[in-house]
Amino acid sequence: MSEEVLLYEKVGKVSKVILNRPKVRNALNSVLMESFGDFIRRADEDPDTNVIVLCAAGEKAFTAGFDLKESIGSPIVDVPARRENSLMELNTLRTIWEARKPVIASVQGYCIGGGVWFAFMSDLVVAADNAQFSEPELKYSYASDVLPEPWKMTMNRVKQFLFLGDFWSAQEMKEAGVVNFVVPADQLEAKTMEIANRLAGMPAEAMRILKYEINQTYEIMGMHQAQKFAAEMFNLCRINQVQEQAEFNKIVNEQGLKAAIAWKAEQEAKK
């Protein structure tokens, strides 16, 4: 691996899985996504770990979402390959949900696009007061291929969040029932570890049973099947995106993502 896109740290009974691409706001590239599940499983299988913390390097972002330069530069539009890639992404995110031990997301700065799913699939979310959550995929002709939002928010809030693509503050996400704790940015790590150590001190096997009990209730209501359906809908949307957003994609490839986003903003201002 040319760069360590993920780091693993142990602090007592707590294991940290750290997104480690701070120079690009921890954008999720294929190497990170294909490796992430192994890191979560490593912590989950460690007999000396009771709690997993998912966090990110740097101050600007938890993650800016999927690496668009990679996905647009090398789009996967062959149907079998497209389905395989979407299923990989879904299964990767579900390792958070399926971990027997509680997973706490510790979020600072930008949490965008696919990055939101990392937080939503976690059991608890501690957010810095500078955290900003957004899923702007719709304006770029994307849909969600994991779709955990309906299982964490009420229907109208889900539609507001996904249809409009606005940034929501940590406090707004707390009011929506997704974020559990909001703290000043310089206290994020301390608060996260305080909660993690409290959970780590609980009876470990009872904690695992309780998490399974709660999660299985949502599975009985259809969460997993709904997410698999969302992944299939995303496949259609992704293939369509290559055609519908051809000019945007061309600018990304020729001038870079920043130029493409500026062009997109200009087009929207003309409407």
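Side-chain atoms are counted along with the backbone in the values below, which use heavy atoms only and exclude waters and symmetry mates.
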Below 4.0 angstrom, N of the basic side chain to O of the carboxylate: do K10 and D46 qualify? yes
Roughly how far apart are D145 CG and E137 CD, rounded to 0.5 Å? 9.0 Å
Of all heavy-atom pairs between E34 and M88, which one has the smallest distance, and what is that distance? CG-CE, 4.0 Å
Where is the tightest heavy-atom contact between N26 and A57, given as atom of each residue plus distance? ND2-O, 2.9 Å
Donor-acceptor pair, T49 side chain versus E45 backbone, under 3.5 Å? no
Can you tell me how far apart NZ (K152) and CE (M173) are? Round to the nearest 0.5 Å. 11.0 Å
Checking side chain to side chain contact (heavy atoms under 4.5 Å, CB included) for the pair L188/S106: CA distance, chi angles, key distance, verdict? CA-CA 7 Å; L188 178 62; S106 183; 3.4 Å; yes
Supply the atom-to-atom distance L90 CG to N85 CG, rounded to the nearest 0.5 angstrom. 11.5 Å
Evaluate the side-chain proximity of E172 to S169: yes if any heavy-atom separation is below 4.5 Å, no if none is. yes
Would you compute the distance between atom CZ of R208 and atom CD of E213 and round it to the nearest 0.5 angstrom? 16.0 Å
Can you confirm if the NZ or CZ of R25 lies within 45° of the ring axis of Y110 and under 6.0 Å from the centre of its six-membered ring? no
Side chain to side chain donor-acceptor pair (under 3.5 Å) with E98: which residues, sequence neighbours excluded? R94
Nearest non-hydrogen partners of D44 and A99, listed with the distance: OD2-CA, 3.5 Å
Can K16 and E189 be counted as an ion pair, charged N to O under 4.0 angstrom? yes
Are the charged groups of D38 and R41 less than 4.0 angstrom apart, N to O? yes
Shortest non-hydrogen contact between V116 and C111, atoms and distance: CG2-O, 3.3 Å
Is W151 linked to I220 within one hydrophobic cluster, defined over Ile, Leu, Val, Met, Phe, Trp and Tyr using a side-chain heavy-atom separation of less than 4.5 Å? no
Restricting to non-hydrogen atoms, name the atom on D123 and the atom on K101 that form the minimum distance, rounded to 0.1 Å. OD2-O, 3.9 Å
Let's go through E219 and W97 carefully: what are the C-alpha distance in whole Å and the side-chain angles of both, what is the deciding distance for side chain to side chain contact (heavy atoms under 4.5 Å, CB included) to 0.1 Å, and is it a yes or a no? CA-CA 11 Å; E219 299 288 14; W97 175 263; 2.8 Å; yes
Can you list the steps and then say if V125 with V107 is a side chain to side chain contact (heavy atoms under 4.5 Å, CB included)? CA-CA 7 Å; V125 180; V107 180; 4.1 Å; yes
Should Y212 and R100 be marked as a side chain to side chain contact (heavy atoms under 4.5 Å, CB included) after you check the CA-CA gap, both sets of side-chain angles, and the distance that decides it? CA-CA 7 Å; Y212 179 74; R100 295 168 300 162; over 6 Å; no
Any non-hydrogen side-chain atom of N235 less than 4.5 Å from a side-chain atom of V79? no
Close side-chain approach of N20 and L6, heavy atoms under 4.5 Å: no
Kindly compute the distance separating NZ (K159) from CG (L164), expressed to the nearest 0.5 Å. 12.5 Å
Looking at R21 and A27, would you say the former's side chain and the latter's main chain have a donor-acceptor pair under 3.5 Å? yes
On a heavy-atom basis, the closest approach of A119 and F62 is N-CE2, 4.5 Å
I'd like to know if the side chain of W117 pairs up with that of Q227 as donor and acceptor (distance under 3.5 Å, no hydrogens or angles considered). no
Distance (rounded to the nearest 0.5 Å) between R83 CZ and D78 CG: 11.5 Å
Pair F133 and F161, ring centroids less than 6.0 Å apart: no
